[in-house]
Protein chains: 2
Amino acid sequence: MSNQQTSLQPRYKKGKLKLIEATLESLMAEGSEGASIRKICDRANVSIGLVNYHFTSINELLAAAYKHLSMGVLSAAVEKSEVHAGDPRRCLSAFMEEIFSHKVLQPSVLRAWLVFWGMVDSSAAIRMAHDEVNTASWEFLEKIIIGMDQQSKVKLSPRLAAIGLSSMIDGLWLEKCLQPDTFTAIEAVRLCEFWVDAIA
Amino acid sequence: MSNQQTSLQPRYKKGKLKLIEATLESLMAEGSEGASIRKICDRANVSIGLVNYHFTSINELLAAAYKHLSMGVLSAAVEKSEVHAGDPRRCLSAFMEEIFSHKVLQPSVLRAWLVFWGMVDSSAAIRMAHDEVNTASWEFLEKIIIGMDQQSKVKLSPRLAAIGLSSMIDGLWLEKCLQPDTFTAIEAVRLCEFWVDAIA
DNA sequence: TAAAATACTATACAATCGTTCAATTTATTC
DNA sequence: GAATAAATTGAACGATTGTATAGTATTTTA
C-alpha cells in the first residue's frame, strides 16, 4: 500500500500518522487480534501511552485508520476514472480496474477491511467513518451510472444499479479475503463489467 | 430464527445444542463482544465450565454455531428451491426468496455472520466450518446454473456466474448489516433476479 | 537562550478473558 | 438401590486488555 496521502484522506501530523499506519499493518497481518494497542505500538516502536495522547481511545485510532485506508483506495480509483470524464462507461472500467488491482486485492488488505466492518456496530467513531466512506463511494458510483443513463437509458434505476454494483464489489472483496484462490482479479473485474453491461 | 434442525445441520445432544443456540443469540445481540464464554453461558444459564466440557475450546463452539446457523439457512433455501426441480430458473428464484426472507435479512442475524467471517482467519475450526458451508452453497448455485445452461446457453461460465451471484448475495447481506436502511429485501431479490436474467 | 508547548515514556490499575480442574449433582445402567 | 457415567458448578489461575497519569524528553516560540 502506498503511503502517499491522497485528496480525500484527512491530514495528520507525523506522530498520529505513524500510529495510523502501524494500525493498518497490524490489522493486515493479524486481523482482529492485531487491534491491540500493545501490538500497534510495538509496530510503531512507541510507547502505548501515545495512543491516548494522540487519540481519545483506541476506537478513534481505528476509525482514523479505516478512513485513511478506504479514502486512499477510493481517491486512487476516482482519480483513475476521472481521466475518462465524459465517458461514464470507461469511468467505471477504470474505477473497477483500480479497486481490483493487486495493491488492493491482497488478502491482508481485505482482512483489515473485514476487521473494520466487524467493528462498525460497536463503536460510534468507526460507524461514522464507515458511513462517510460508504456514502462517498456509493454516491460516486451512482453519479457515473446517472451519466450512463443520460446517454442511454439503463435498465435499473441508477440508485439500484449502484447498490448492486457496490454489493458485488464488497462481496467479491469478502470472498477474496475468505477464500483467496476462488477467482482472479481479472475475473472479478470481468464480473463487475458484466454487471455494468447488463444494466446498459 | 427457527430452532428446528434441518437436513444439513449436524445433530447435537441437548446440552451442546443449548450452548450453540446461546452463542448465536449472543453474537446476534452483541456482535463480536458477544463471543465471550461468560456472556454465552449467562444466556444459556449454565456455568462457564460447560464450554470446555462440551467443546475443546470456545473456537470449537463458535465453529459449531457458525455451521448450525449457515446450514440451517442453506437447508431451508435448498428445500424451498427443490420444489421447482426441473426448472432451474424457478429454483434460483425460490432460493433467493428464502435467503432474503425476513427470517434471514435481520441485522442481528447478519451481524452474527459478520463476526464469523472475521474469525475465519484466526481459527482452524471456524475456517473449516466456513469452507464447508461456502462450498456447499456455491456448489448448489453452480449446479442450478449448469441446469440453466443446459436448457439455453448462459453468457458466463456457470462457475463464474455462481461466483458472481454468490458474491452479490454476500455483498447485499454485508450492506444490509452495515446500513440496514439502504435497500429493502424486495430490492435485494430484484438485484439478484436481474443478475440471473442477465446471464440467461 | 529560557519558557512554553508538544511529544513521549513507563508504570499501575481494574477489568476481562479462556482454560483448568476438584467437587458436586444428575442421569443411566445393571 | 448401588455403582457407574455423564453433566455441571464454581473457583482459581495466568494472561491480556484499554485507560490513566506523573514524570521526562524534545520541539517550538518569543
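Just so it is clear: chains get the letters A, B, ... in the order the sequence lines come, proteins before strands, and each one is counted from 1.
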Between [X] ([atom1]) and [N] ([atom2]), how many Å, whole number?
| X | N | atom1 | atom2 | answer |
| --- | --- | --- | --- | --- |
| B:Met119 | C:dC17 | CE | C1' | 13 Å |
| B:Asn52 | C:dC21 | CG | P | 11 Å |
| A:Tyr12 | C:dA7 | OH | P | 15 Å |

Report task. Take B:Glu193 and B:Ser93 through the test side chain to side chain donor-acceptor pair (under 3.5 Å) and record every step on the way to the result. Result -> CA-CA 7 Å; B:Glu193 294 275 359; B:Ser93 287; 2.8 Å; yes
Query raised in the report: For A:Glu33, which residues count as a salt bridge (charged side-chain N to carboxylate O under 4.0 Å, His left out) partner, sequence neighbours excluded?
Result: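 Here no residue qualifies.
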Query raised in the report: Within a radius of less than 6.0 Å around CZ of B:Arg190, do more than 12 heavy atoms belonging to other residues, nucleotides or ligands occur?
Result: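 Counting other residues, nucleotides and ligands, CZ of B:Arg190 stays at 12 neighbours or fewer.
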**Report entry** Whether over 12 other heavy atoms sit under 6.0 Å from B:Arg43 CZ
**Finding:**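 More than 12 within 6.0 Å, yes.
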Report task. Please assess B:Leu92 against B:Ser81 for the test side-chain contact (heavy atoms from CB on, under 4.5 Å), listing each intermediate value before the final yes or no. Result -> CA-CA 7 Å; B:Leu92 285 181; B:Ser81 71; over 6 Å; no
Taking the six-membered ring of [Y], is NZ or CZ of [X] closer than 6.0 Å to its centre and within 45° of its axis?
| X | Y | value |
| --- | --- | --- |
| B:Lys80 | B:Phe95 | no |
| B:Lys16 | B:Phe55 | yes |
| B:Lys155 | A:Phe194 | no |

Query raised in the report: Without hydrogens or angle criteria, can the side chains of B:Ser167 and A:Trp173 be said to hold a donor-acceptor pair below 3.5 Å?
Result: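 Not at all, the side chains of B:Ser167 and A:Trp173 share no donor-acceptor pair under 3.5 Å.
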Query raised in the report: Are a donor atom and an acceptor atom from the side chains of B:Glu175 and A:Asn134 found within less than 3.5 Å of each other?
Result: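 Yes.
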Requested in this report: Give me the residues of residues 57-65 of chain A where at least one heavy atom lies under 4.0 Å from an atom of DNA chain D, by number, or none.
Outcome: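 The answer is A:Ser57, A:Ile58.
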Within the sub-3.5 Å range, which N or O atoms of nucleotides 3-5 of chain C have a protein N or O partner, and how far apart are they?
none

Report task. Give the C-alpha distance, both sets of side-chain angles, the deciding distance and a yes or no for side-chain contact (heavy atoms from CB on, under 4.5 Å) between B:Glu132 and B:Lys67. Result -> CA-CA 8 Å; B:Glu132 190 179 331; B:Lys67 199 164 169 181; 3.0 Å; yes
Query raised in the report: When you list every nucleotide of DNA chain D with an atom under 4.0 Å from a heavy atom of chain B, which one comes first 5' to 3', and which comes last?
Result: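 Contact span on the strand: D:dA6 to D:dA12.
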Query raised in the report: Do B:Phe100 and B:Cys192 pass the side-chain contact (heavy atoms from CB on, under 4.5 Å) test, and can you show the C-alpha distance, the side-chain angles, and the key distance before you say yes or no?
Result: CA-CA 10 Å; B:Phe100 291 118; B:Cys192 292; 3.6 Å; yes
**Report entry** Any donor-acceptor pair under 3.5 Å from A:Thr23 side chain to A:Leu19 backbone
**Finding:**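 Here the side-chain-to-backbone pair exists.
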**Report entry** A:Thr182 and B:Trp138: CA distance, side-chain angles, deciding distance, side chain to side chain donor-acceptor pair (under 3.5 Å) verdict
**Finding:** CA-CA 11 Å; A:Thr182 311; B:Trp138 174 83; over 6 Å; no
Requested in this report: Could you go through the side-chain contact (heavy atoms from CB on, under 4.5 Å) check for A:Val109 and A:Leu69 one step at a time?
Outcome: CA-CA 9 Å; A:Val109 176; A:Leu69 173 65; 4.3 Å; yes
Every protein N/O within reach of nucleotides 23-26 of chain C N/O, cut-off under 3.5 Å:
none

Query raised in the report: Counting any heavy atom closer than 4.0 Å, what does B:Ala35 reach on the DNA or RNA strands: base, sugar-phosphate only, or nothing?
Result: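 Since only primed, P, OP1 and OP2 atoms lie under 4.0 Å of B:Ala35, the category is sugar-phosphate.
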All N/O pairs under 3.5 Å across the protein-nucleotides 8-16 of chain C interface:
residue	atom	partner	partner atom	Å
C:dC8	OP2	A:His54	NE2	3.1
C:dT9	OP2	A:Ser47	N	2.5
C:dA10	N7	A:Ser47	OG	2.9

